[in-house]
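What follows is a set of notes on a single structure, which appears directly below.
FYI, side chains are in, hydrogens and waters are out, and symmetry mates aren't considered; it's all heavy atoms of this structure.
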Amino acid sequence: MTATASHTRARPLGASEIEHATRIAEPDFDLLDALYRTDDPDDQARLLARVVLSAFDNYYAVSRRIPALAQAAFEARDWPVTVRLSKIRIGLYTACIDQLVPLLKAGLPELTTDEQLWPTAEAELLAAIEGRYEADFAFAFWQSLRRKLVSDEWRPVSYDAGSTARRTTSPAAVLKTTATTLPITAEVIAGILDEAGFRVPWRDRDGDAALAAQAIETALEPLSPRPGEPVKIEIADSGFLRNRGACLVGRIKLRDRGDMPMRNLPLLIALLNEKDGLVVDAVLTDSDELQYAFSSTLANYHATNPRYHELARLLYELMPKRPLGTQYSCIGFHHLGKVAVMSEILAEHRKTKEKLATAPGFKGTVAIAFTMPSSAYVLKIIRDHPTDDYKFDYFDGLDEVLRKYNLVHEIDRAGSMLDNIIYSNVKLDRAMFAPELLDELLEAGIGTVTLDRGALVFRHLIVQIKLTPLPLYLANASAAESRAAVINLGDCIKNNAAADIFNKDLDGRNYGVSRIRKVYLFDYDAVEPLTSVTVSRDGAAPGEFDNGMVFRPQEMLEGLRIDDPGLRRAFRDAHPELMQADYWEGMQQALRDGKVPKVMNYPASRRLRR
Ligand SMILES: Nc1ncnc2c1ncn2[C@@H]1O[C@H](COP(=O)(O)OP(=O)(O)OP(=O)(O)O)[C@@H](O)[C@H]1O
């Protein structure tokens with residue numbers, strides 16, 4: 001690709017084209033028929049494995065088409081289509097499983113109870129997927145399907161990759177390397193931009209390349225670079241596409257120089273497709289900033305390279321503060337992310353021998369949250385009934401709360417809500433639990449937790465990244481850090497509003513602060529669509545809510561329950577509009593008009609043309 005004007009604008013994708021490309025093929029009815037007819041256990045096992053593998057293949061084929069469609073939509077500036085593709089992708093896995101489950105249940109009811117068939121069929125499946133790149137994905141699909149079929153039976157199916165687990169994966173297979181010498185020139189960057197292979201013109205490729213080269217030079221300064229020193233620029237051979245943006249991701253490597261050891265600088269080149277062409281909007285060179293742009297609290301990226309293990313490993317090397325499991329999720333491989341996160345939790349326990357105990361902070365009235373002191377994760381279950389301290393006078397029930405956690409998993413979390421990994425029928429060894437927590441889980445009348453031969457079986461288990469709950473953070477932070485946190489809390493509330501999420505439990509204890517000092521909402525039992533909330537202009541009316549759905553912006557500050565008057569003032573000064581009905585009504589109107597405000601996912605200071 002060059003900067004010449006000879007490119008024509010990309011053609012928007014038609015609705016029927018998308019529908020056609022993302023339609024899931026029908027299950028293999030011939031195989032299903034043969035499965036229903038046979039009485040031979042070996043045939044049953046073989047056919048069951050083939051039926052499921054064929055459904056997985058259908059799923060995988062569509063899921064692999066979506067990144068290319070997302071790239072085409074980015075090139076055509078077709079933003080509604082990019083949003084649609086994200087939605088389609090996130091629902092696809094479950095849709096494929098849901099297509100098969102009723103057919104298997106109806107045609108072979110004994111599947112839900114047959115203890116013999118599953119292990120034999122699993123052996124058949126493992127033999128059939130042996131050597132395939134996506135074997136672990138096919139196995140995850142198999143386990144998800146099995147879990148759905150036997151879910152009423154309370155028999156947990158493990159969340160592990162079994163024999164399909166990959167022990168080592170080097171990102172080298174997905175990297176393209178440019179070898180040059182310092183300083184990195186505009187021509188070298190222009191070459192990297194060209195290699196990305198976008199089929200639309202740049203607005204000012206050479207000008208952007210010069211600015212990007214300048215930004216990289218500034219970022220390299222602390223690494224004591226020397227003119228003429230050899231340097232390698234490794235860029236993932238993959239587009240990463242999300243909403244209105246795309247990015248190139250990789251690193252700059254300076255080798256051991258005798259007086260200096262080997263040095264690595266992460267690199268993210270953020271691209272936009274504006275009306276007049278492609279633009280390099282920003283260059284990020286700090287691991288924390290990459291983490292911010294790749295956050296699992298945003299919509300997932302579509303990665304055009306299918307080697308998801310190497311991509312996840314590369315992201316982990318670039319952002320080592322975030323666990324490997326969540327790196328899979330942020331490129332949309334949620335089910336592998338799920339398996340990886342569970343393996344990490346078990347490995348953390350094996351390594352540290354720490355016990356799961358109640359999470360630090362306020363005890364939940366709706367959830368029970370627990371963690372190990374050095375774990376990266378918090379685990380949660382929802383109580384069947386809230387405790388006596390519950391704030392509201394009605395409770396929608398466990399299923400409704402889980403629905404809200406699931407809703408937040410599926411939406412674009414606008415950079416300000418934690419993702420939720422929701423497991424069902426999970427078994428955890430009872431030795432992992434501290435005695436007090438074990439007593440609480442087993443004795444507080446929680447119907448969704450049972451004891452089964454030395455293990456706790458959880459009907460549902462929510463896993464989130466661990467944050468420092470805001471009240472604990474404020475109790476230990478410096479004045480400047482506390483001020484920054486409460487200002488960031490306001491940004492968080494605004495981003496959530498832009499995602500049509502309103503947390504009617506305003507209390508600041510529902511928020512946490514991450515290792516990169518960003519504030520997120522982590523408690524979702526009280527979230528409602530902002531567009532369904534009545535915003536009251538009547539400041540004098542008593543009580544916080546009427547029917548749980550009337551919000552008085554004047555009471556926002558009080559609702560946050562931040563004790564320190566200086567911090568309350570900082571919040572009010574930074575976000576006066578949050579206390580005004582006009583702001584909330586304006587946001588509701590924008591959402592109803594389909595105008596979703598842009599979400600900023602890197603610091604404004606990193607933009608090349610500010
Ligand atoms: N992701 C997380 N990181 C760190 N701590 C967490 C996280 N999620 C929950 N906690 C801790 O667990 C406690 C209870 O969790 P949560 O707020 O989800 O429960 P809840 O019952 O819904 O709360 P509430 O009573 O406010 O409705 C929190 O106050 C916090 O201390």
Side-chain angles (χ1 to χ4, degrees), residues 1-13 67-83 85-86 176 178 180 183-220 233 235-250 252 266-286 289-290 292-294 298-299 301-305 595-610:
M1 180 165 41
T2 68
T4 61
S6 62
H7 294 268
T8 48
R9 273 264 150 231
R11 181 181 60 84
L13 297 163
L69 294 171
Q71 175 159 343
F74 170 74
E75 289 166 345
R77 306 188 73 244
D78 197 344
W79 313 131
V81 164
T82 62
V83 172
L85 287 169
S86 290
K176 281 193 293 190
T178 306
T180 181
I184 293 169
T185 61
E187 289 70 36
V188 167
I189 301 296
I192 289 171
L193 297 180
D194 284 350
E195 273 206 52
F198 289 105
R199 293 155 295 197
V200 284
W202 295 86
R203 182 168 76 190
D204 175 12
R205 184 200 63 167
D206 294 344
D208 285 1
L211 289 172
Q214 180 60 49
I216 290 170
E217 193 176 319
T218 310
L220 280 171
I233 308 173
I235 299 287
D237 185 11
S238 176
F240 291 89
L241 299 122
R242 179 181 61 202
N243 293 344
R244 291 162 185 252
C247 64
L248 306 177
V249 179
I252 299 174
L267 178 64
L268 185 151
I269 300 179
L271 308 173
L272 294 176
N273 190 9
E274 302 287 25
K275 284 200 181 86
D276 47 359
L278 284 175
V279 176
V280 178
D281 189 50
V283 170
L284 312 185
T285 52
D286 176 78
E289 288 177 359
L290 260 73
Y292 193 64
F294 258 85
L298 291 160
Y301 275 106
H302 301 285
T304 54
N305 189 313
K595 280 189 240 151
V596 179
K598 280 187 190 169
V599 174
M600 191 64 171
N601 55 44
Y602 35 80
S605 58
R606 295 291 170 252
R607 302 187 73 186
L608 297 184
R609 295 184 170 87
R610 266 163 271 154

So CG of L608 and CG of D281: to nearest 0.5 Å the spacing works out to 7.0 Å

To the closest 0.5 Å, what do you measure between CD1 (I192) and CD1 (I235)? 5.0 Å

Does any N or O in the side chain of T304 come within less than 3.5 Å of the main-chain N or O of G239, such that one atom is a donor and the other an acceptor? yes

Are R203 and E274 close enough for a salt bridge, meaning some N to O gap below 4.0 Å? no

Minimum-distance pair of heavy atoms, taken over all atoms of F74 and N273: O-ND2, 2.8 Å

For the pair C247 and R242, evaluate side-chain contact (heavy atoms from CB on, under 4.5 Å) and give the outcome as yes or no after the intermediate values. CA-CA 9 Å; C247 64; R242 179 181 61 202; over 6 Å; no

Under the side chain to side chain donor-acceptor pair (under 3.5 Å) test, residues paired with R609 that sit two or more places apart: D204, D208

CD1 of I252 to OG1 of T178: how many Å apart, nearest 0.5 Å? 10.5 Å

Return the minimal non-hydrogen interatomic distance between H302 and A70, and the atom names on each side. CD2-CB, 3.5 Å

Between L267 and I233, is the side-chain contact (heavy atoms from CB on, under 4.5 Å) condition met? List the steps. CA-CA 9 Å; L267 178 64; I233 308 173; 4.2 Å; yes

Please round to the nearest 0.5 Å and tell me the distance separating atom OG1 of T285 and atom CD1 of I269. 11.0 Å

Mark yes or no for whether R199, through its side chain, and E75, through its backbone, hold a donor-acceptor pair below 3.5 Å. no

Taking all non-hydrogen atoms of both residues into account, name the closest pair between D237 and N305 and its distance. O-ND2, 3.0 Å

Determine, step by step, whether E289 and Y602 satisfy the side-chain contact (heavy atoms from CB on, under 4.5 Å) criterion, reporting the C-alpha distance in whole Å, the side-chain angles of both residues, the deciding distance to 0.1 Å, and the verdict. CA-CA 7 Å; E289 288 177 359; Y602 35 80; 6.0 Å; no

Looking at every heavy atom in both L241 and P67, which two are closest together, and how far apart are they? CD1-O, 4.0 Å

Here the gap from I184 atom CD1 to L220 atom CG, rounded to the nearest 0.5 Å, amounts to 5.5 Å

Once you measure the plane-to-plane angle for F240 and F294, does it fall in the parallel (<30°), tilted (30-60°) or perpendicular (>60°) bin? perpendicular

Among I189, V279, L193, find the one that has a side-chain contact (heavy atoms from CB on, under 4.5 Å) with R205. L193

Do L271 and W202 pass the side-chain contact (heavy atoms from CB on, under 4.5 Å) test, and can you show the C-alpha distance, the side-chain angles, and the key distance before you say yes or no? CA-CA 10 Å; L271 308 173; W202 295 86; 3.8 Å; yes

Exercise: identify the closest heavy-atom pair between A209 and A190: CB-N, 3.7 Å

Provide the closest heavy-atom pair for L85 versus A73 in the form atom of the first, atom of the second, distance. CD1-CB, 4.5 Å

Please round to the nearest 0.5 Å and tell me the distance separating atom OG1 of T82 and atom CZ of R77. 11.0 Å

